[in-house]
Amino acid sequence: EPEVTQTPSHQVTQMGQEVILRCVPISNHLYFYWYRQILGQKVEFLVSFYNNEISEKSEIFDDQFSVERPDGSNFTLKIRSTKLEDSAMYFCASSEGNDYGYTFGSGTRLTVV
Amino acid sequence: AQKVTQAQTEISVVEKEDVTLDCVYETRDTTYYLFWYKQPPSGELVFLIRRNSFDEQNEISGRYSWNFQKSTSSFNFTITASQVVDSAVYFCALSESPNQGGKLIFGQGTELSVKP
């Protein structure tokens with residue numbers, strides 16, 4: 001069964017550093033998403049991406065965040081200058097945009113120290 | 001606005017007990033989808049079920065069953081004869097337009113602990 005692949009599974013970074021979280025969505029999917037889950041809390045929507053542009057973003061997705069689909073297969077989330085409160089699990093998801101719903105990756109646990 | 005409420009933060013049961021996890025949602029749309037996901041201690045999100053707003057039939061899959069009632073805006077999840085492996089956080093989620101790439105809105109999650 002096709003999977004959404006996220007790398008790395010765990011990343012530790014120093015406060016103020018830039019990080020890039022990588023995702024390979026399912027190849028025939030059209031919509032791509034990033035979600036965030038702070039430890040012990042609910043899963044929160046960050047951004048959706050369609051046709052090479054952001055289709056929707058949440059209040060969390062401020063100027064520190066950006067997304068890109070650089071080569072037609074990868075989908076990346078960049079955090080420019082990480083803060084301690086960016087420590088969370090980040091999930092990538094993709095969708096065909098039909099009734100079949102969403103496929104989530106296994107997540108990247110980001111720890112900012 | 002869309003909202004999903006899971007009022008039960010934590011539930012603890014003894015193995016073989018039945019347990020129901022509650023989910024109440026809010027939406028202005030007439031077409032929407034509801035989901036349940038399981039998040040085991042390893043952290044990944046495991047898809048359990050998807051139900052569209054036009055299908056109010058209850059569904060059973062093994063020990064799992066779901067009760068969808070539009071009249072009360074609820075989509076409750078029951079585990080029959082619970083097992084230790086059912087211990088996890090369970091999330092209910094809502095999407096108003098998945099066929100147009102709409103986002104998922106998650107509830108706060110219910111942590112289920114099944115003790116032997």
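Order of the sequence lines fixes the chain letters, A, B, ..., with proteins taken first and strands second; residue numbering starts at 1 for each chain.
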- Query: Under the 6.0 Å and 45° cation-pi test, does Lys103(B) pair with Phe45(A)?
  - Reply: yes
- Message: Ring centres under 6.0 Å, that's the criterion: do Tyr102(A) and Tyr31(A) meet it?
- Response: no
- Item | Proximal component of Phe91(B), with respect to chain A [non-hydrogen, under 4.5 Å] | side chain
- May I ask you to list the residues sharing a hydrophobic cluster with Leu21(A), side-chain cutoff 4.5 Å, ordered by chain and number? Met15(A), Val19(A), Phe32(A), Trp34(A), Leu46(A), Val47(A), Phe49(A), Ile54(A), Ile60(A), Phe61(A), Phe65(A), Val67(A), Phe75(A), Leu77(A), Ile79(A), Leu84(A), Tyr90(A), Leu110(A), Val112(A)
- Message: Quick check against the 3.5 Å criterion: does Thr27(B) have a side-chain atom that pairs as donor or acceptor with the backbone of Asp29(B)?
- Response: yes
- Can you tell which part of Ser95(A) gets under 4.5 Å to a heavy atom of chain B, answering side chain, backbone, both or neither? side chain
- Item | Flag, side chain of Asp55(B) to backbone of Asn52(B), donor-acceptor distance under 3.5 Å | no
- Neighbours of chain A found in residues 107-116 of chain B - heavy atoms under 4.5 Å: Gly107(B), Gln108(B)
- Task: Identify whether the distance between the nearest side-chain nitrogen and carboxylate oxygen of Arg36(A) and Glu44(A) falls below 4.0 Å.
- Result: yes
- Return yes if a side-chain donor-acceptor contact under 3.5 Å exists between Thr78(B) and Thr20(B), otherwise no. yes
- Output, in order, the C-alpha distance, side-chain angles, deciding distance and verdict of ring-ring contact (aromatic ring centres under 6.0 Å, His included) for Phe75(B) and Phe35(B). CA-CA 9 Å; Phe75(B) 187 45; Phe35(B) 300 77; 8.9 Å; no
- Message: Need one label for Gln37(A): side chain, backbone, both or neither, based on atoms under 4.5 Å from any heavy atom in chain B.
- Response: side chain
- Item | Region of Glu56(A) in contact with chain B, defined by heavy-atom distances below 4.5 Å | side chain
